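Quick caveat, the model's predicted, so the values are computed rather than measured.
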Amino acid sequence: MAYTKFQFIALETPTIDPVTPDKMWSKDKDYVDNCIKDLSENDKKAVPKLGADAKSRLNWIRGAVDEALSSEHVKNDDVETLKLFVAPEFFFRPDLTANQLEAQKNKASGVPNRAYSFADTQAIEFFLERLFRSDKLKDWLIIPGTVLGYMEAGNKARTPNRAYVIKGGPPAKDKTAILSRHAKINTPDTDGIPKLKIWPVMPANAPKQKTALAEYQASTLGESASNIIAVDGFQIGIDLCMDHGSGILYRTCKLLDKKQLLLQFVVACGHAIKSQSLATADGGFVMLVEGARLDNHSQVLKVTKVDWDDPDGSNHEPDLLKSKQYLESNASTRNPQPTIAFQKNKGAYDEILRIYKVEPLPGQ
């Protein structure tokens, strides 16, 4: 059944600096250990070793989803409403000690300052695949921020800053709960990892030009095209922080003639929504989850017009959180500081629980 509405639930917590995850989840419920207990005997043999920091963050994100799931304002009985739970960029970034950072700096060139080991990265993906298989989450889509992980490939090393899109509920036979993976293309110095070549905003005819930059941008199209996915009637696009600032999703949709996106997610830490980078169809929505601002961690905007020939002409309506263009509203006043635990009337996220009705797009 195709969804006709969506409900946006943002995990609002600062990620500009790594926070200590053991302060953010209730120790009386270990979701990772319970997940292992529920595995088949064959799957238990394949469980990878998981570091303490990574395990704490997995428990944190699953606990936050569980808390949102139990909220009276989340419409779990409404099968036409897709629940969208999104965390900010760098949610999975290890809180390393000074000694650990110094040890990494002394390693060979290309090793990041703040990233999970290859083993931890693989273990995080293993559990993200399995932690959200509850029947109660069958109408949920979870984007658990990004995972900053050190990947080994032969004699070369790379450090992708990667987001995952996960469909809740038991996956269909021979299917995976992880619908897609999205590696950030632009890696500025602030990411604290080996810097890749930057893809700046470019003119519409740039891919036709025979320049080194144009060839590089064209070569990334295959990778950036994976940021466009379909979920039960919704065409969705993913933008990661500076990728959004550089208009990568916008440019990719234009080059591939995929201009019917209904939802655009901006998963960021230090970047606001940019009108020139809007990539939805007219009437679509763009959602921001941001880890660098304490005063504006999340935002929902309705796109009024995307000018595919002149991105400077793109526009959106005012912040929907301050307007009345929603069917139902309940906003909490939760404190997003990273020192609180799960307490009554407090938590790691602020519920942005409007239910938005989606109008049919032209031609659909």
Side-chain angles (χ1 to χ4, degrees), residues 2-10 12 80-84 86 88 141 143 165 201-204 224-225 227-268 271-290 293 295-331 350 352-364:
Y3 296 107
T4 59
K5 296 171 286 184
F6 69 88
Q7 190 168 28
F8 181 50
I9 307 166
E12 298 198 335
E80 294 185 9
T81 298
L82 179 64
K83 273 65 73 174
L84 304 167
V86 189
L141 204 66
I143 303 177
V165 178
V201 175
M202 61 186 194
S224 61
N227 291 7
I228 303 170
I229 62 174
V231 180
D232 295 333
F234 283 7
Q235 293 289 328
I236 294 174
I238 312 294
D239 252 345
L240 299 182
C241 203
M242 193 172 177
D243 286 357
H244 178 70
S246 300
I248 289 180
L249 184 63
Y250 167 87
R251 186 61 52 191
T252 301
C253 289
K254 181 176 176 66
L255 292 174
L256 299 180
D257 198 28
K258 294 188 176 183
K259 304 172 184 176
Q260 290 295 307
L261 295 188
L262 187 58
L263 305 178
Q264 178 178 1
F265 292 99
V266 180
V267 180
H271 213 296
I273 292 174
K274 185 177 179 180
S275 289
Q276 296 93 323
S277 297
L278 297 179
T280 74
D282 297 351
F285 294 83
V286 57
M287 285 162 278
L288 170 73
V289 181
E290 220 278 339
R293 297 176 175 85
D295 60 337
N296 188 20
H297 274 297
S298 58
Q299 191 176 29
V300 182
L301 300 173
K302 187 171 184 179
V303 180
T304 53
K305 175 67 176 176
V306 175
D307 191 330
W308 293 98
D309 296 316
D310 178 15
D312 291 335
S314 298
N315 201 0
H316 54 69
E317 294 178 9
D319 188 346
L320 290 184
L321 302 186
K322 299 175 182 177
S323 73
K324 295 184 179 180
Q325 298 187 40
Y326 49 83
L327 303 182
E328 187 169 324
S329 168
N330 183 279
D350 193 357
I352 307 301
L353 296 174
R354 283 84 171 152
I355 297 179
Y356 298 93
K357 188 170 183 178
V358 177
E359 300 298 332
L361 296 177
Q364 293 188 351

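- In terms of heavy atoms, Met242 sits closest to His271 at CA-CD2, 4.2 Å.
- Residue Leu82 holds its CG atom at 10.0 Å from CG of Leu262, rounded to the nearest 0.5 Å.
- Checking each of Ile248, Val306, Leu278, Leu261 against Cys253 for a side chain to side chain contact (heavy atoms under 4.5 Å, CB included) leaves exactly one that passes, namely Leu261.
- The distance from the NZ atom of Lys259 to the NZ atom of Lys254 is 5.0 Å, given to the nearest 0.5 Å.
- For Gln260 (side chain) and Ala281 (main-chain N/O), no donor-acceptor pair under 3.5 Å exists by modelled atom type.
- The line from CG of Leu84 to CD1 of Ile143 is 7.5 Å long, rounded to the nearest 0.5 Å.
- Residues Gln264 and Thr280 have side chains that never bring a donor and an acceptor to within less than 3.5 angstrom of each other.
- The closest side-chain heavy-atom distance from Val289 to Val267 is not below 4.5 Å.
- The minimum heavy-atom distance between Ala225 and Leu256, with the atom names listed, is CB-CD1, 3.6 Å.
- Using a 4.5 Å heavy-atom cutoff, the side chains of Ile273 and Met287 are not in contact.
- Within the 4.5 Å cutoff, the side chain of Leu263 has no heavy atoms near those of the Val231 side chain.
- Between Val165 and Ile238 there is a side-chain heavy-atom pair separated by less than 4.5 Å.
- Residues that satisfy the side chain to side chain donor-acceptor pair (under 3.5 Å) test with Asp243, not counting sequence neighbours, are absent from this structure.
- Scored by the side chain to side chain contact (heavy atoms under 4.5 Å, CB included) test, Lys305 finds Asp282 as partners (sequence neighbours excluded).
- Closest non-hydrogen pair, Ala268 versus Pro88, comes out as O-CB, 3.9 Å.
- Smallest separation of non-hydrogen atoms from Asp307 and Ser314: N-OG, 3.4 Å.
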Next on the checklist: What verdict does the side chain to side chain donor-acceptor pair (under 3.5 Å) test give for Thr81 and Gln7, after you've listed the backbone C-alpha separation in whole Å, the side-chain angles of each residue and the deciding distance to 0.1 Å?
Outcome noted: CA-CA 7 Å; Thr81 298; Gln7 190 168 28; over 6 Å; no

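- In this structure a side-chain-to-backbone donor-acceptor pair under 3.5 Å is present from His244 to Lys274.
- Inter-residue side-chain proximity for Lys302 and Phe285 is flagged as met; some heavy-atom pair is nearer than 4.5 Å.
- For Tyr250, the ring pair (Phe, Tyr, Trp, His ring centres under 6.0 Å) test picks out Trp308, with sequence neighbours left out.
- You'll find the side chain of Leu141 stays beyond 4.5 Å of the side chain of Phe6, heavy atoms only.
- Note that CG of Asp239 is 10.5 Å distant from CG of Leu288, once rounded to the nearest 0.5 Å.
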